[in-house]
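A quick write-up on the structure given underneath.
Positions are given from 1, in the same order as the sequence printed here.
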Amino acid sequence: MTRIAVLTSGGDAPGMNAAIRAVVRTAIGRNWEAYGVEHGYSGLIQGNIRQMGTRDVGEIMQRGGTVLGSARCPEFQTEAGRAKAIANLQALGIEGLVAIGGNGTQTGSNALSEMGFPVMGVASTIDNDLYGSDITIGVDTALNIALEAIDRLKVTASSHHRGFLVEVMGRNCGYLALMAGIAGGAEAVVIPEHDLEPEAVADVIRQSYERGKPHAIVVVAEGARYNAERLNRYFDEHKERLGFDLRTTVLGYVQRGGAPTYADRMLGTRLGSGAVDALAAGRSGLLVGMRKNEITLTPLEEVVAGKKPLDESILRIAGILAQ
Ligand code: ATP
């Protein structure tokens with residue numbers, strides 16, 4: 001193998017740039033040529049592929065987002081779309097692809113691999129819902145942004161004796177909400193894996209005030225059955241009876257945009273570099289992830305079929321420490 005390409009796809013995640021940089025420089029370090037694909041699978045189908053040198057990836061590690069751009073590309077879900085992508089890669093003599101992204105991206109890279117093209121996936125999504133990696137690129141930065149918001153809201157909540165709902169991202173996975181809730185000292189966490197009814201949330205808030213707490217912060221996952229919007233509506237409708245109202249902050253895309261933390265820069269670097277090393281060793285059809293602080297390679301078909309469970313012991317800690 002002497003020529004490879006790299007792309008980022010799905011939701012952007014802080015640390016993707018560190019991974020791109022590592023892929024490009026590790027490849028060039030092996031005297032290979034490195035190519036960057038713009039806007040994920042959509043650029044692959046349209047042939048937006050350009051050669052990248054070591055200087056093209058200078059000054060990018062500290063930037064959030066992805067310098068290659070990302071896109072959602074329904075055409076890649078068709079065999080004809082993927083065949084076009086493979087033809088574009090082969091026309092440039094590219095023999096391997098590194099696909100940096102989350103669940104959807106790795107479903108795509110598995111489909112490409114099943115058509116015979118050598119692919120390595122790199123685990124990257126702020127949701128941390130990807131099987132095959134304990135932690136994924138972007139999670140640490142997203143959590144730190146959520147924590148900063150929670151810390152600030154606690155200050156204002158204490159001053160005004162108000163309850164606050166903070167909704168964090170994570171699609172159908174409660175990981176971000178749970179971890180931000182624990183590290184932020186929230187009074188309750190509402191996540192898809194452990195849904196709380198609005199009356200239970202009201203009880204937690206009431207009990208917090210009865211115990212003399214100056215604030216009540218509830219962290220809600222966007223994918224929870226009662227997300228911030230639905231909880232808010234319920235609290236509004238029952239304001240008189242409940243005796244208090246809640247202020248809501250939805251962090252949304254703010255959570256994605258931060259400068260990557262040390263942890264995400266290192267994770268992106270190690271996984272990106274690991275992907276090139278694996279291609280050099282003749283491996284493909286695998287996800288490069290991190291388990292127990294070691295680089296691991298998991299077959300993409302397992303990644304796509306697998307579901308990452310939430311650690312129940314951490315959920316228990318959340319309940320105990322919120323007292
Ligand atoms: P995040 O979870 O951070 O948003 P993601 O990688 O899961 O990242 P998606 O938008 O779900 O993001 O997927 C990214 C892209 O992967 C899609 O736009 C599509 O091009 C490709 N993809 C998704 N599902 C499939 C599939 N079943 N077959 C082929 N390609 C797919």
Does the distance from a Lys or Arg side-chain N to an Asp or Glu carboxylate O, for Glu95 and Arg3, drop under 4.0 Å?
-> no
Glu312 and Arg316 ion-paired at < 4.0 Å = no
Quick one: do Val23 and Met290 end up in the same hydrophobic cluster if we chain Ile, Leu, Val, Met, Phe, Trp and Tyr together by side-chain heavy atoms under 4.5 Å apart?
-> yes
Return the minimal non-hydrogen interatomic distance between Leu44 and Val37, and the atom names on each side.
-> N-CG1, 3.4 Å
Distance-only, no hydrogens or angles: does the Gln62 side chain make a donor-acceptor pair with backbone N or O of Thr261 under 3.5 Å?
-> no
Please step through salt bridge (Lys or Arg N to Asp or Glu O under 4.0 Å) for the pair Asp151 and Lys154, ending with a clear verdict.
-> CA-CA 5 Å; Asp151 290 348; Lys154 251 188 182 172; 6.0 Å; no
Any Lys/Arg nitrogen of Arg171 or Glu222 sitting under 4.0 Å from an Asp/Glu carboxylate oxygen of the other?
-> no
Backbone N or O of Asp134 within a donor-acceptor pair of the Lys308 side chain at under 3.5 Å?
-> yes
ILVMFWY cluster, Val24 and Tyr35 together (side-chain gap under 4.5 Å) = no
Counting only N and O atoms by type, is there a donor-acceptor contact under 3.5 Å from the side chain of Asp264 to the main-chain atoms of Ile137?
-> no
Look only at the side chain of Glu301 and the backbone of Asn110, and say whether a donor-acceptor pair between them is shorter than 3.5 Å.
-> no
Ion pair present between Arg211 and Glu187, side-chain N to carboxylate O less than 4.0 angstrom?
-> no
Does Arg30 come within less than 4.0 Å of Asp277, counting only side-chain N to carboxylate O?
-> yes
Heavy-atom count around Glu79 CD within 6.0 Å, excluding the residue itself: above 12?
-> no
CG on Leu271 to OG on Ser133, rounded to 0.5 Å = 6.0 Å
Could you tell me which non-hydrogen atom of Asn17 sits nearest to which non-hydrogen atom of Thr66, and how far apart they are?
-> OD1-CA, 3.3 Å
Under 3.5 Å, is there a donor-acceptor pair between the side chain of Arg82 and the main chain of Met115?
-> no
Is there a donor-acceptor pair closer than 3.5 Å between any side-chain N or O of Asp129 and the backbone N or O of Cys173?
-> no
Between Arg233 and Glu237, is the closest basic N to carboxylate O distance under 4.0 Å?
-> no
Okay, side chain of Ser113, backbone of Ser109: is any donor-acceptor separation there less than 3.5 Å?
-> no
Taking only residues two or more places apart in sequence, or in another chain, which ones meet Asp311 in a side-chain contact (heavy atoms from CB on, under 4.5 Å)?
-> Ser313, Ile314
Does Tyr262 have Arg265 sitting over its ring (NZ/CZ under 6.0 Å from centre, angle to axis within 45°)?
-> no
In one Ile/Leu/Val/Met/Phe/Trp/Tyr side-chain cluster, 4.5 Å: Leu92, Val119 = yes
Closest approach of Met120 to Val288 (non-hydrogen atoms, all atoms of both residues) | CE-CG2, 3.5 Å
Partners of Tyr234 by ring-ring contact (aromatic ring centres under 6.0 Å, His included), sequence neighbours excluded?
-> His238
Cluster overlap Leu176 with Leu315, hydrophobic side-chain contacts below 4.5 Å | yes
